[in-house]
Amino acid sequence: MIETVATAESNRELAEGYLLLTVDLKDDVLVGAGQFAMVKPLASFEPVLRRALAVYRVHGPRRVSFLYQVIGSGTSALARLGRGDKVEALLPLGNSWTIDDQVSRAIVVAGGIGSASVLMLCERLASSRVETRVLLGAASERVAVGCGLEDFRALGLPLVLTTDDGSLGEKGLITAPLERELRERGGRAATIYACGPWAMMKRVAEIAEQFNTRCMVSLEAPMGCGFGVCVGCVVAMKTDKPLGYGSYKRVCTDGSIFPAEAIRWEVNAMTH
Amino acid sequence: MIETVATAESNRELAEGYLLLTVDLKDDVLVGAGQFAMVKPLASFEPVLRRALAVYRVHGPRRVSFLYQVIGSGTSALARLGRGDKVEALLPLGNSWTIDDQVSRAIVVAGGIGSASVLMLCERLASSRVETRVLLGAASERVAVGCGLEDFRALGLPLVLTTDDGSLGEKGLITAPLERELRERGGRAATIYACGPWAMMKRVAEIAEQFNTRCMVSLEAPMGCGFGVCVGCVVAMKTDKPLGYGSYKRVCTDGSIFPAEAIRWEVNAMTH
Amino acid sequence: MAGPIDNDRRLAVEIAGIHFNNPVIGASGTFGYGLEFAELVDLNRLGGFATKGLSARPLPGNPPPRIVETHGGMLNAIGLQNIGARAFIEEKLPLLRSYDTRIIANVFGYSDDDYIEAIEILNDGEGISAYELNISCPNVKEGGIVIGNSPSSAARLTEKAKRASTRPLVVKLSPNVTDIAELARAIVASGADCLSLINTIVGMSIDVNTRRPRLSYGTGGLSGPAIRPIAVRMVFEVSQAVSVPLIGIGGIASTMDALEFLIAGATAVQIGTANYYDPTVTMKVAEGLSSFCKANGIGRISSLVGSLRTQ
Amino acid sequence: MAGPIDNDRRLAVEIAGIHFNNPVIGASGTFGYGLEFAELVDLNRLGGFATKGLSARPLPGNPPPRIVETHGGMLNAIGLQNIGARAFIEEKLPLLRSYDTRIIANVFGYSDDDYIEAIEILNDGEGISAYELNISCPNVKEGGIVIGNSPSSAARLTEKAKRASTRPLVVKLSPNVTDIAELARAIVASGADCLSLINTIVGMSIDVNTRRPRLSYGTGGLSGPAIRPIAVRMVFEVSQAVSVPLIGIGGIASTMDALEFLIAGATAVQIGTANYYDPTVTMKVAEGLSSFCKANGIGRISSLVGSLRTQ
Ligand SMILES: Cc1cc2nc3c(=O)[nH]c(=O)nc-3n(C[C@H](O)[C@H](O)[C@H](O)COP(=O)(O)OP(=O)(O)OC[C@H]3O[C@@H](n4cnc5c(N)ncnc54)[C@H](O)[C@@H]3O)c2cc1C
Ligand SMILES: Cc1cc2nc3c(=O)[nH]c(=O)nc-3n(C[C@H](O)[C@H](O)[C@H](O)COP(=O)(O)OP(=O)(O)OC[C@H]3O[C@@H](n4cnc5c(N)ncnc54)[C@H](O)[C@@H]3O)c2cc1C
Ligand SMILES: Cc1cc2nc3c(=O)[nH]c(=O)nc-3n(C[C@H](O)[C@H](O)[C@H](O)COP(=O)(O)O)c2cc1C
Ligand SMILES: Cc1cc2nc3c(=O)[nH]c(=O)nc-3n(C[C@H](O)[C@H](O)[C@H](O)COP(=O)(O)O)c2cc1C
Ligand code: FES
Ligand code: FES
């Protein structure tokens, strides 16, 4: 974990409301697939807190990029960054996606901008002997493009696409093809890697349980610090002694990646 | 007075820390010499208050420019504006410099960026039959350039320059040549128009009194609104009943231009 | 500037028998005497406005500097400079009567008697809809907060003011207290028809170079977006403690901000500091509320009041 | 990261007999157990830090969402999730002892007995310099603010804690009171060696779309730059009321901010929320104070304490 002032190398719009920010760091970092950073334009006063962004890609020890959707004041401020502008960044944060020996067949499921935290995972799976299928869900073709569609296509992995409006791929939610795949080929041998909004993660977890499929999810929670000290980003865990110490874990340091079965899904960690 | 969203046409640095911002307005405005505007980049959250800037120049009914020095967060935010960026603006505000029949000989005295509120006055004096002399004081040659030196030179009026470090013109304060001029030629027939920091305005007022010279000063005060409703920008006035109602007047609407002899100079209106 | 709200009946609210075209009111001390805004906003499009604090006699106010900006807001110590109740009636009211907007006279005094005297003068003023008792100004050595921070003295003055007043009485609460619900109960028990909250929070800013306070008065009242969460909490607490209508105030700068206060329990809102840096904000918020009702199929905005879901 | 401060004796301050390398202290709940920062800041360059609130037994904390951002700050309702006093002694202290920095154990309980029990456990912990009694946490139904907002109960607990404690006792004040000077006097009269202020201010934020509070707990504590002017004012008020040393807290994010508190009357400062968005801020401020002393020919930073000029 390093605290550094990065320099924006480019900040390109992939689709309306979706940008790819590439920055140069002053020091070397070793980033694992699925890890994130806390970022903010240098010397910006409002909003005060930094924003959590997954490291989308690593271009070298000192160059990384972030793929982000413009939501409110924080991401809008990032969207105004131009080449040469400075960015305060703390990284890498959180745990990484693991591809252990148990994994023979992988299903990567991403909803919307959740794609940002799985591209590097897909790269590693593509270069491994693990049979991999990538499921990307988005609101529309525009959003899919904004969420890095071309980068995923370039990996050459089998890709299943769904959009809410049917403008690209199959119309509907990404959980539909997931369920189909598990029903047709069985779930036991597979491992699901998922990232997306809370509601989707919850549904994916249900499906995984139904088919006895191993499932890892990367979660979101409002973050004060990103490195474990504010204890504001917690999710509720299944514990034998409910409401005892340990019922809540920090997404930023105990996660952001958790085994789906460990989460108490009825307790939504997000503010909105 | 109109409330409008202006578009930055250019935002050029004249010298390090001094910029010239030219904006296009959506509606026509009629701006008098010495009037000001309250401005802020559109949809910026911090700082919350707009900043008071004198209208430096009018290029047409819908195009004006501001000359400003970068001091803190507000002017820094303005300095980041690029062509096409939007600026919230309320203008024109305050009263104007008046050139009435009593004025036969004019002495314009500006200290530092105070120059911004007298350029248009000088333009009008140049095109009048009033004998005019312009006295500009700055910290250094760089600052003088940043405060619009070339624009003043272009007017072709007799120009006296002083700098604190002697890098341009006479070394010392601008009040020295002012005093000399009044001593040599007498003060009665002259009218002083002055704009600059509080301490300088106070000194100019003393000199004017000493030589019985008519003197108008444009003052600064921290401004909440700029159009008369917060009553936060007051200066203390000389009144027969001290501390009675009327002891304080608003710089934004009762000024910013006042007759020097009306001000209680021992009460500094500035926060710093 | 055109908008549907002239006749958007959905936004109408009633407080102590007074009809407001909509729940958006300019806050005292930030809306001058109303007329200053006539050039910028169509006063007929607002629910109303509260005048700068009016006292029986004109007041000079505090020496400068009177304001200083802080993160997300500002400190002020104006010291209630105002033209006086009589001058307001003679010089401002005649011009204001031509507008279809509710005028709330904000009243201030250094002592109970001062307050009553101001109210008695204002009783003659035709076109005033209600009084707002400012017992929460932090920038005076007597009156204001000195009375308003104590439930007993606040209750005492409220009772006198209610007796003297020919109009509905709004009492404006100070947030500088341990238990604002207790304060509210005492004031309502003494006859207040409505409570408005919050006034500014006492703060201080120091110039490190001169080692002096940045305000000549020393301390000042904090306002602006910075205080909004505190104000929303207090409105909710008071809404749970009393049954009179509330006017929510504190850092409101957008439609969403205003809605937070309504949901927390306010029947109407006052917008203050935002008028300084966004002079047409009141009209924008009124129009925003109209659009919100349309978009969400809300028939009467008052149905949102106090609709906060707590489990 | 190198800087002159290791040996800048000008910055040394003493509080209740404890020597601090400099007046910059990490605030409780924002500095974890200190070790989380070891990778980012050189702990030896800080005056010290206050631990997350420690209770006799580990606490799970409140359900999420626990934080929400606001203009100039944030609301939190963590609910004092912590590993417990015993675990702190066994797991954290041994590692912390290697640093030359003062460790202040922030203590919390639901009842007087809980507080005393936690203190008695911590008394065994070697390397703790002082206790900071957190009777100002707004995010619990018992203890914290419930005790801290009442001078009498605060005084009662202070007395018991002082008796139970083998170390200097800092009592942390709640800003959610009408008269913080009165509260401070009562607590000092009961034996507090030092007062730290302010804790967070109770606030609320509502999600207009769901009409629910944004925090599961309902309300939360406001912190960050937004509250700084309120904190500076309270530090000044308390400095005029008591003679024990004060630790100033509230929205400090820069050297100038820290200096405001010293001039207002604080012997040292704690930096909280700023650690989240600027993890090395404590070290930057310590270095900034060093440069300030150099630039202004100040021989001892303590000479600035309470140097506010009021006329
Ligand atoms: C571990 C992690 C990794 C993330 N990676 C990415 C990414 O690669 N690309 C991307 O576009 N987004 C990512 N997000 C979401 C991103 O952090 C939010 O979209 C962003 O914080 C929104 O800030 P805002 O000011 O624009 O929106 P606002 O809605 O104005 O933010 C208001 C407050 O809520 C918080 N907030 C709002 N949405 C979220 C959210 N979804 N998750 C957490 N906090 C939120 C903000 O931080 C802020 O404090 C990630 C979130 C987490 C927790
Ligand atoms: C009528 C009038 C006309 C002005 N015209 C110009 C101009 O043409 N060009 C120019 O460069 N400057 C001008 N100024 C000064 C300009 O408004 C300040 O430099 C600016 O507000 C500083 O803001 P900041 O955030 O950069 O500095 P900061 O020091 O960070 O500001 C802190 C606070 O103090 C206030 N403040 C600081 N300095 C001044 C000041 N000198 N006058 C009033 N308020 C101040 C700010 O508005 C802000 O609220 C004028 C001021 C007034 C009152
Ligand atoms: C400069 C200024 C002057 C004020 N004067 C008054 C006043 O005369 N009477 C009053 O009751 N409140 C006064 N207030 C308080 C506001 O009406 C309002 O209660 C407070 O500012 C909080 O709202 P805001 O955050 O929207 O500004 C004043 C506020 C400011 C900023
Ligand atoms: C997330 C969070 C958790 C906190 N936890 C504690 C705590 O456990 N004990 C305590 O005394 N103060 C706690 N505080 C209060 C801070 O120590 C500090 O008093 C307050 O945040 C004001 O300072 P700031 O504005 O610099 O953050 C907490 C603050 C925050 C933001
Ligand atoms: S964001 Fe602060 S602990 Fe996770
Ligand atoms: S700036 Fe508000 S009255 Fe002058």
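Just so we're on the same page: letters track the sequence lines, and every chain starts at 1.
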Do the side chain of A:E3 and the main chain of D:T280 share a donor and acceptor less than 3.5 angstrom apart?
no
Could you measure the distance from the SG atom of A:C225 to the CG atom of D:N275? Nearest 0.5 Å is fine.
9.5 Å
Taken to the nearest 0.5 Å, the spacing of D:I67 CD1 from A:M223 CE works out to 8.5 Å
Are there over 12 heavy-atom neighbours, none belonging to A:E209, within less than 6.0 Å of that residue's CD?
no
Over all atoms of both residues, closest heavy-atom pair of A:Y245 and D:N82:
CE1-O, 3.2 Å
At their closest point, which heavy atom of A:G224 faces which heavy atom of D:Y276, and how far apart are they?
O-CB, 3.2 Å
Residue part contacting chain A, namely of D:T70, when any heavy atom lies under 4.5 Å:
backbone
Which of A:P47, A:A236, A:G228 touches chain D most, by non-hydrogen pairs under 4.5 Å
A:P47
What distance separates A:E46 CD from D:E69 CD, expressed to the nearest 0.5 Å?
7.0 Å
Show, in sequence, the C-alpha distance, side-chain angles and deciding distance for D:E36 and A:T253, and conclude whether the side-chain contact (heavy atoms from CB on, under 4.5 Å) test is met.
CA-CA 11 Å; D:E36 296 89 333; A:T253 33; over 6 Å; no
Given a strict heavy-atom distance threshold of 4.5 Å, which part of D:F37 is in contact with chain A: side chain, backbone, both, or neither?
side chain
Flag, side chain of D:R66 to backbone of A:V231, donor-acceptor distance under 3.5 Å:
yes
Is the count of non-hydrogen atoms from other residues, nucleotides or ligands lying under 6.0 Å from A:E16 atom CD greater than 12?
no
Of the listed residues (D:P58, D:G32, D:P279), which shares the most heavy-atom pairs with chain A below a 4.5 Å separation?
D:P279
Segment of D:N209 engaging chain A (4.5 angstrom heavy-atom cut-off):
neither
Out of A:M38, A:R51, A:K40, return the one with the most heavy atom pairs under 4.5 angstrom to chain D.
A:R51
Segment of A:M1 engaging chain D (4.5 angstrom heavy-atom cut-off)
both
I need the D:Y277 OH to A:E88 CD distance, nearest 0.5 Å.
10.0 Å
Looking at D:E39 and A:I2, would you say the former's side chain and the latter's main chain have a donor-acceptor pair under 3.5 Å?
no
With a 4.5 angstrom heavy-atom cut-off, which part of A:L90 approaches chain D: side chain, backbone, both or neither?
side chain
Is the closest side-chain heavy-atom distance between D:P64 and A:V235 below 4.5 Å?
no
Max heavy-atom pair count under 4.5 Å with chain A, selected residue of D:N76, D:I83, D:T273, D:T30:
D:I83
Separation between CG of D:N62 and OG of A:S247, rounded to the nearest 0.5 Å:
11.0 Å
